[in-house]
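Reviewing the structure listed below.
Heads up: numbering here begins at 1 and tracks the sequence.
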Amino acid sequence: MVWTVAYSPNGVKIASGSSDHTVRIRNTLTGERLTQPLLHADVVRSMVWSPDGRQLISACNDGQIYFWSAPTGSQLGSPLQAHLDTINSMAISPSGSLVASASGDYTARLWNTVTRQPFGRVLQHNDVVSTVAFSPNGQFVATGGRQEIIFLWDISQEGVIATDAVNLGTASLSFSPDGKTFASTSRDGTCKVWNSETGELLLDFDDHQNKVWTVAYSPSGVKIASGSYDQTIRIRNTHTGERLTQPLLHADAVHSIVWSPDSRQLISACNDGQIYFWSAPTGTQLGFPLQAHLGKINSVAISPSGSLLASASNDHTARLWNTITRQPFGHVLRHNDEVYTVAFSPGGQFVATGGRECIIFLWDISQEGVIATSAVSVSLLHAAPIPHFPGDADQVRSHWVFFGIYV
């Protein structure tokens with residue numbers, strides 16, 4: 001089983017870590033293996049590259065961290081016994097001077113990548129720590145796990161770490177287009193806006209009457225919309241929190257929302273299989289709801305041009321719709337189980353869908369009215385973010401990487 005995959009910062013190399021106790025480094029474009037397998041004593045669960053791409057750091061189920069020369073595949077010194085249990089996640093600081101590790105031993109830790117000594121104190125939790133990340137400026141570390149709490153740790157003063165805990169009970173997260181803020185929604189009926197760099201709570205909305213399931217910034221970043229099980233959407237000013245329209249009323253719980261690329265329309269999808277279209281400036285409903293599915297709609301996505309809408313449902317289908325005529329586009333994207341998520345490729349030529357089948361389906365929609373399945377991956381365990389490649393984004397679709405086994 002392949003647990004983890006990561007591109008080098010320049011996109012030239014790709015590394016995969018596996019239950020067979022090895023890491024393999026390959027050329028991203030040709031697939032050629034560039035080194036011998038990097039041997040470990042246990043299952044490889046997480047990897048990070050140094051910012052200059054010359055080192056690869058890997059972490060294992062036995063709590064050890066390994067350091068490797070990426071050009072040669074040589075091990076750099078002995079493994080570091082970092083934790084007493086599985087290391088679930090690692091992250092490296094923007095400067096490359098610190099690596100953070102998150103473990104099943106209820107701790108996260110920071111390490112100097114040159115001396116391999118601990119930096120600061122142990123970041124203690126009350127349960128398994130599943131994930132860790134650095135802020136873009138390297139001043140903060142965020143950790144999270146089974147506690148359903150995001151912890152923010154200030155590491156700006158060497159050797160001193162102060163904690164700030166954010167209890168989200170999170171149902172949905174969305175970053176602003178400029179990345180400076182993010183919004184979280186909660187089962188307690190609240191929607192909050194946070195400073196991405198400091199973790200400061202900027203806005204707190206509590207006017208929904210039931211759990212808030214989805215949130216989305218407008219592409220312009222000026223507005224934010226939240227959708228709730230109270231069967232409403234609220235549209236607010238991102239900076240002041242002022243409510244800009246009356247609540248947008250639905251016949252059932254709102255499960256997913258998406259903005260048009262020009263920010264002038266908001267499209268919402270509900271548990272009853274209906275899709276609603278709204279004028280974002282006025283909050284006016286545009287026509288009647290579209291009965292798109294026979295079951296709950298879990299996710300909607302809009303094409304880069306705004307001409308097509310994709311919806312994924314519990315009725316074992318995903319569908320495409322013309323956003324002007326609201327007529328179906330192409331044939332039904334049929335699955336053998338519930339479909340949870342849908343996304344367009346950056347060029348708009350492909351749609352990816354996935355769900356309970358644990359399979360990622362890629363659909364080619366380049367020919368109007370004709371949809372052919374382009375590729376079927378194995379079940380997703382880890383997807384690597386793709387560095388920038390020159391040229392048309394859809395020309396590098398072969399670099400979409402999914403590793404795992406069918407379950």
Review point. Aromatic rings Trp111 and His83: how do their planes relate, parallel, tilted or perpendicular, breaks at 30° and 60°?
Key: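 Geometry flag for His83 against Trp111: perpendicular rings.
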
Exercise for review: Using the six-membered ring wherever Trp is involved, compare the ring planes of His125 and Phe151 and label them parallel, tilted or perpendicular (cut-offs 30° and 60°).
Suggested key: perpendicular

Review point. How far does CD1 of Ile25 sit from CG of Leu34, to the nearest 0.5 angstrom?
Key: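 Here the interatomic distance stands at 7.5 Å.
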
If I compare all heavy atoms of [X] with all of [Y], which pair ends up nearest, and what's the gap?
X      : Y      : value
Leu362 : Ala352 : CD2-CB, 3.7 Å
Thr323 : Gly306 : OG1-O, 2.7 Å
Ile87  : Ala82  : CD1-CB, 4.3 Å
Leu98  : Thr113 : C-CG2, 3.8 Å
Pro219 : Pro177 : O-CG, 3.4 Å

Check your understanding: Is the charged tip of Arg234 near the ring of Phe205: under 6.0 Å from the six-membered ring centre and within 45° of its axis?
Key ->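 Pair Arg234/Phe205 does not count as cation-pi.
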
Point to revise | Ile155 side chain reached by Phe140 side chain, heavy atoms, under 4.5 Å | key: no

Review point. Taking C-beta and beyond as the side chain, do Asp364 and Phe350 meet within less than 4.5 Å on heavy atoms?
Key: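 In contact.
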
Exercise for review: Could you tell me which residues satisfy side-chain hydrogen bond (donor to acceptor under 3.5 Å, both in side chains) with Asp230, sequence neighbours excluded, listed by chain and number?
Suggested key: His208, Ser228, Thr232

Exercise for review: Examine the side chains of Ser103 and Arg109 and answer whether a donor and an acceptor come within less than 3.5 Å of each other.
Suggested key: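 Short answer, no.
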
Exercise for review: Would you please say whether a donor-acceptor pair under 3.5 Å links the side chains of Ser313 and Arg319?
Suggested key: no

Exercise for review: Apply side chain to side chain contact (heavy atoms under 4.5 Å, CB included) to Asp178 and list each qualifying residue two or more places apart in sequence or on a separate chain.
Suggested key: Ser176, Lys180

